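Here the structure comes first, spelled out in structure tokens, and everything after it is commentary.
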Amino acid sequence: MSNTQTYAGRIHIYSAPAALTQHIEWAINQHLNQVVKITWVAQPLLPGCLATELEYKSKLPVAAKIATALKSWHYIRCEIRQIDLRSLDATLYRITPDLGLHQASLVSNGDVVINENQLNQIINNSYSHKMLQSNLESALGNQWEIELEPYRLALASESLGPISKSG
């Protein structure tokens, strides 16, 4: 078996209650199959909540497993990006307490793409123009973007600091 890392990604946790940080670290380390030291900073928008970001490399695609683990704690706002270094296929997972989990495919510039099967399903399940618009916005993850953006901006204004790296 090769030691080549074939997947790379970045985990942004925009807000998580301080009481959950140990559990989050444990889940990330378990799925990365290595110990990653995570540095947390205060989330200015939510007193008592912390934020972090880290990059990872892995032999296996782990983003879906990490997203599933983080989604189980209702109070977390985060996103996980993963790229397959062989094919350059990329996936984005976004999680918010109110909206839950959103998964999308990405192109190289970071734009969300909707594939042919998804489009056909959206068209077939949209009985009005308004429903079509709503279904397309949902597939693109617009609501997740709207909810996460204030947390991104708050951290950017505070300068999140160094990124933890693994792999």
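Predicted, not measured: the structure shown is a model, and the values here were computed from it.
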Could you give all pairs that pass the ring-ring contact (aromatic ring centres under 6.0 Å, His included) test and reach residues 80-101, with sequence neighbours left out?
none
Side chain of Thr6, backbone of Lys59: donor and acceptor closer than 3.5 Å?
yes
Group every Ile, Leu, Val, Met, Phe, Trp and Tyr by side-chain heavy-atom contacts under 4.5 Å, then state whether Leu101 and Leu20 land in the same group.
yes
Hey, is the main chain of Ala63 close enough, under 3.5 Å, to the side chain of Gln82 for a donor-acceptor pair?
yes
So do Leu106 and Val112 actually touch side chain to side chain, heavy atoms under 4.5 Å?
yes
Provide the closest heavy-atom pair for Leu155 versus Pro44 in the form atom of the first, atom of the second, distance.
CD2-CD, 4.0 Å
Could you tell me which residues satisfy salt bridge (Lys or Arg N to Asp or Glu O under 4.0 Å) with Glu25, sequence neighbours excluded, listed by chain and number?
none
Does the pair Tyr56 and Val62 meet the rule for a side chain to side chain contact (heavy atoms under 4.5 Å, CB included), with working shown?
CA-CA 10 Å; Tyr56 69 88; Val62 295; 3.6 Å; yes
State the NE2-CH2 distance between His31 and Trp26, to the nearest 0.5 angstrom.
7.0 Å
Counting neighbours of CD on Gln30 that are heavy atoms of other residues, nucleotides or ligands and sit closer than 6.0 Å, is the number greater than 12?
yes
Drop me the distance from Gln103's CD to Ile95's CD1, to the nearest 0.5 angstrom.
11.0 Å
Output side-chain donor-acceptor pairs under 3.5 Å for residues 135-142, partner residues at least two apart or in another chain, one line each.
from	atom 1	to	atom 2	distance (Å)
Asn135	ND2	Ser126	OG	2.9
Asn135	ND2	Met131	O	3.4
Glu137	OE2	Gln133	NE2	3.3

Which pairs of donor and acceptor atoms, one on a side chain in residues 66-74, lie under 3.5 Å apart (sequence neighbours left out)?
from	atom 1	to	atom 2	distance (Å)
Thr68	OG1	Ala64	O	2.9
Ser72	OG	Ala69	O	2.6
His74	ND1	Pro97	O	3.4

Using the rule that two of Ile, Leu, Val, Met, Phe, Trp, Tyr join whenever any of their side-chain heavy atoms come within less than 4.5 Å, decide whether Tyr7 and Leu32 are in one cluster.
no
Validation row: Ile28, Thr52 side chains within 4.5 angstrom (heavy atoms)
no
With a 4.5 Å cut-off on side-chain heavy atoms, are Leu45 and Tyr14 touching?
no
Do Ile83 and Ile11 sit in the same hydrophobic cluster, where Ile, Leu, Val, Met, Phe, Trp and Tyr count as joined when their side-chain heavy atoms come under 4.5 Å apart?
no
Does Asn109 form a side-chain hydrogen bond (donor to acceptor under 3.5 Å, both in side chains) with Asp111? I'd like the steps, not just the answer.
CA-CA 6 Å; Asn109 70 353; Asp111 285 349; 3.2 Å; yes
Got a second to check how far Ile24's CD1 is from Asn29's CG, nearest 0.5 Å?
12.0 Å
Assigning hydrophobic clusters by single linkage (Ile, Leu, Val, Met, Phe, Trp, Tyr; side-chain heavy-atom cutoff under 4.5 Å), is Ile13 placed with Leu153?
no
Roughly how far apart are Thr96 OG1 and His102 NE2, rounded to 0.5 Å?
11.0 Å
So salt bridge (Lys or Arg N to Asp or Glu O under 4.0 Å) across residues 143-157, not counting sequence neighbours, yields Arg77-Glu147, Glu79-Arg152, Arg94-Glu145, Glu145-Arg152, Glu149-Arg152
Quick check for you: to the nearest 0.5 Å, what is the distance between Glu53 atom CD and Thr39 atom OG1?
10.5 Å
Spatial distance of atom CG (Leu54) from atom CZ (Arg10) [nearest 0.5 Å]:
9.0 Å
Identify the two heavy atoms, one from Ser157 and one from Ala154, that lie closest to each other, and give their separation to 0.1 Å.
OG-O, 2.8 Å
For Asp84, check salt bridge (Lys or Arg N to Asp or Glu O under 4.0 Å) against everything at least two apart and list the hits.
Arg86
When hydrophobic residues are tied together by side-chain contacts of less than 4.5 Å, even through go-betweens, does Leu46 share a cluster with Trp144?
no
